[in-house]
Structures are given as structure tokens and as C-alpha cells.
Amino acid sequence: MTKLLELKSLYAGYDDKVILRNVDLIVNKNDFLGIIGPNGGGKTTLLKVILGLIKPFKGSIKFNNADDNLIGYLPQINTIDHKFPIPVREVVLSGLMSHKKLFGRYRNEDKEKAKGLMDQMGVLHLRDKNIGELSGGQLQRVFLCRAIISDPQILILDEPNTYVDNNFEAELYTILNQLNDHMAIIIVSHDIGTICSHVKSIACVNETLCYHDSNIINEDQLKTYNCPIDLITHGDLPHRVLKKH
Ligand SMILES: Nc1ncnc2c1ncn2[C@@H]1O[C@H](COP(=O)(O)OP(=O)(O)OP(=O)(O)O)[C@@H](O)[C@H]1O
Ligand SMILES: [Mg+2]
């Protein structure tokens, strides 16, 4: 098992406000980790720490291989400034930004790869549109192309299924399963029922992180994890238990 990333006793937040306390997490090659937790629990903050966008107050974060294309990231769509006048094809190619020299040109093979991905995600016909003209689901697909174009070792997705329709959601998980053969995946979602049936392990983030080494999680475990959210349990037939909070 190759370890890609390790967080130890990590504290992080904004200004002097602590949002994440004492977080331990290990991500190995081929992991498929689902992150669940209530609004404001610190999921996006955790991803920002992993991405190096915010520095931890305390504790450590270690990458085993500080490679250029270590991480591909699909941000939570409501955090994207989509009024920025940039065409879809450029957004997709910008996922390779760290690979080309500043002001360098993209290679033809990069452009072909971008085209193939846009085709796979059903957004090729939108390639010359500005991202401001897209619907939420279209934007999400475009940013998914951007996140995976560099073939990262870790793919991080912050609520990739918020705006997408049921058809594409099913397709999304098929694509993620294929990608998981050669990259670790961390996915944040509020749709616990759906992610539990696709991921290999689950972490509940609510101020601190509780890791669960399986995709099966029951009500008692959620209680212990202080994770006040709806829950799905798997039996022969998956069923949802809606809890009042
Ligand atoms: N840039 C920021 N400056 C100050 N506080 C912030 C900032 N971003 C987030 N927070 C605060 O940190 C806490 C955790 O936010 P975060 O976005 O990590 O939650 P989340 O678990 O991703 O929630 P959601 O499910 O709504 O996406 C919230 O209380 C939020 O108000
Ligand atoms: Mg969030």
C-alpha cells in the first residue's frame, strides 16, 4: 500500500478561528474516500489544507511524492467566479497549468486530450462558450475535465454532484471508478446514500474527522462520530434512515 498523503494532529481555520481540530488522515494509492458532514463542518476547509491553499495552525501534512501533478481538484461550484470571461476549452486546459512554462503554449496532444475529455463529459459542443454562459451542471462537467486532465495521483472533488442530473451522476461514478484504478479519489458529498455505495471508506468531518474504513456505516457509528446527518444503511436492500436533528 503506497501512502500518498498523511495529516497528523492537524488544526486549521481562518484568522484565529479554529475550524478543524486534531485531524488525522492517511490517503493511500487507490483509496476512494467519501467525506460527509454537516454544512459548515469543515469539509471544504480540509480540502483547502490538503491543496495548500490554507496553512495549518498546528500539526503536520506530508506528501510522499511532491510531484507536479499530485492533485486534481474540482472546487465546490458555488465558490467559482464563473463570470470570468474565459472559454470552456481554456478552463479545461488550465488543469495542465503547472505542466507548461508560464505563457508557454499547450501542445497538440494536450488539446486532443482536452477534446476527448470534453467529449466524454458531453460538453464538447460548448468548448467556445464562456463559462459564464453555462448551467450549473455543465460547469461542473467542465471543471471535472479540468480536474482530471493532468492524470493526478489524487483527485479531489468537492460536491461534484450538486447540479448534475441523474443520468450524468451515474456516469460520473462509472468514470470515477475507472479513474480509481490509477488515482486515489477524495469526494465530498451530501448524498450519503449514493456515495456510500461507491466509495471504499468514509470520513465524517464535523470540527474533527472520524475515519471509517468501510463504505458501510450505521446509525450508532454516525452518533459516535457526532455526525448529524441523514444516513443510509446497507442490508440486502439499501434503505435510508432519516434522522431528526
Ligand atoms: N474564507 C473564510 N474565512 C472565514 N471563515 C470561513 C472561510 N471559509 C469558510 N469559513 C468558515 O469555516 C467553517 C467551515 O466551512 P467549510 O466551507 O469548510 O464547511 P463545509 O463543511 O465545506 O460546508 P458545506 O457543506 O456547506 O460546503 C464555516 O463556519 C465557515 O463559515
Ligand atoms: Mg463545502
Side-chain angles (χ1 to χ4, degrees), residues 14 35 39 43-55 63 66-176 178-179 182-191:
Y14 305 93
I35 296 186
N39 291 137
K43 303 180 296 298
T44 299
T45 304
L46 174 68
L47 300 186
K48 284 185 187 162
V49 174
I50 294 174
L51 287 158
L53 298 174
I54 60 175
K55 291 259 164 300
F63 294 96
D67 201 277
D68 249 6
N69 62 334
L70 183 65
I71 298 179
Y73 176 48
L74 181 139
Q76 198 168 345
I77 291 298
N78 64 10
T79 64
I80 295 172
D81 178 9
H82 62 272
K83 298 282 181 292
F84 200 73
I86 170 169
V88 164
R89 58 179 195 300
E90 286 294 325
V91 169
V92 174
L93 281 164
S94 70
L96 292 168
M97 210 55 133
S98 62
H99 296 254
K100 66 175 188 117
K101 293 193 187 76
L102 206 55
F103 307 117
R105 308 238 335 241
Y106 292 108
R107 299 169 304 178
N108 276 342
E109 60 189 275
D110 298 334
K111 292 179 187 165
E112 284 306 310
K113 192 167 180 193
K115 221 168 136 187
L117 283 173
M118 287 187 279
D119 196 19
Q120 186 184 10
M121 305 297 176
V123 289
L124 187 58
H125 62 294
L126 302 170
R127 62 186 177 279
D128 295 324
K129 281 199 183 287
N130 279 339
I131 52 168
E133 302 170 61
L134 305 188
S135 73
Q138 289 170 335
L139 200 59
Q140 209 127 29
R141 294 173 191 223
V142 169
F143 274 84
L144 185 62
C145 296
R146 177 183 188 269
I148 62 182
I149 191 167
S150 69
D151 262 325
Q153 295 179 44
I154 308 176
L155 174 63
I156 295 182
L157 310 159
D158 199 349
E159 301 194 30
N161 40 6
T162 312
Y163 292 100
V164 302
D165 55 52
N166 288 344
N167 282 342
F168 186 67
E169 188 176 29
E171 219 173 288
L172 171 70
Y173 280 105
T174 309
I175 294 167
L176 294 183
Q178 286 163 1
L179 291 172
H182 63 280
M183 62 181 79
I185 298 180
I186 303 177
I187 178 170
V188 172
S189 175
H190 288 287
D191 188 352

_What's the separation between atom OG1 in T44 and atom CD1 in I156, rounded to the nearest 0.5 Å?_
11.0 Å
*Kindly determine whether Q178 and T174 satisfy side-chain contact (heavy atoms from CB on, under 4.5 Å), including the steps that lead there.*
CA-CA 6 Å; Q178 286 163 1; T174 309; 4.0 Å; yes
_Rounded at 0.5 Å granularity, tell me how far CG in L117 sits from CG in L124._
10.5 Å
_Looking at every heavy atom in both P152 and G72, which two are closest together, and how far apart are they?_
CB-N, 3.2 Å
*Answer whether the closest heavy-atom distance between the side chains of L96 and S150 falls below 4.5 Å.*
yes
*Nearest-0.5 Å distance, OG1 of residue T162 to NE2 of residue H190*: 7.5 Å
_4.5 Å side-chain heavy-atom contact, L46 and K43_ = no
*Mind jotting down which residue pairs meet the side chain to side chain donor-acceptor pair (under 3.5 Å) criterion with at least one end in residues 114-133? Sequence neighbours excluded, please.*
R89-D128
*Side chains of E90 and Y106: does their closest heavy-atom pair fall under 4.5 Å?*
yes
_From CA spacing to verdict: side-chain contact (heavy atoms from CB on, under 4.5 Å), Q138, Y163_ = CA-CA 8 Å; Q138 289 170 335; Y163 292 100; over 6 Å; no
*Under the criterion side chain to side chain contact (heavy atoms under 4.5 Å, CB included), which of L179, L74, I71, I187 is the partner of L155?*
L179
*asked:* Taking side chain to side chain contact (heavy atoms under 4.5 Å, CB included) as the criterion, tell me which of L176, I186, V188 meets it with L157.
replied: L176
*Does a side-chain heavy-atom distance below 4.5 Å link N161 with S189?*
yes
*Could you check if a side-chain atom of V164 sits within less than 4.5 angstrom of a side-chain atom of E171, using non-hydrogen atoms only?*
no
*Spell out, as yes or no, whether a donor-acceptor pair under 3.5 Å connects the side chain of Q140 to the backbone of E159.*
yes
*K113: side chain to side chain donor-acceptor pair (under 3.5 Å) partners, not counting sequence neighbours*: D151
*Distance from Q76 atom CD to L47 atom CG, nearest 0.5 Å?*
9.0 Å
*Looking at CG of L93 and CZ of R107, how far apart are the two atoms once the value is rounded to the nearest 0.5 Å?*
11.0 Å
*So which of V92, L126, I149 actually passes side chain to side chain contact (heavy atoms under 4.5 Å, CB included) with M118?*
V92
_Any residue meeting ring pair (Phe, Tyr, Trp, His ring centres under 6.0 Å) with Y73, in chain and number order, not counting sequence neighbours_ = none
*Working to the nearest 0.5 Å, report the span between NZ of K48 and OH of Y14.*
3.5 Å
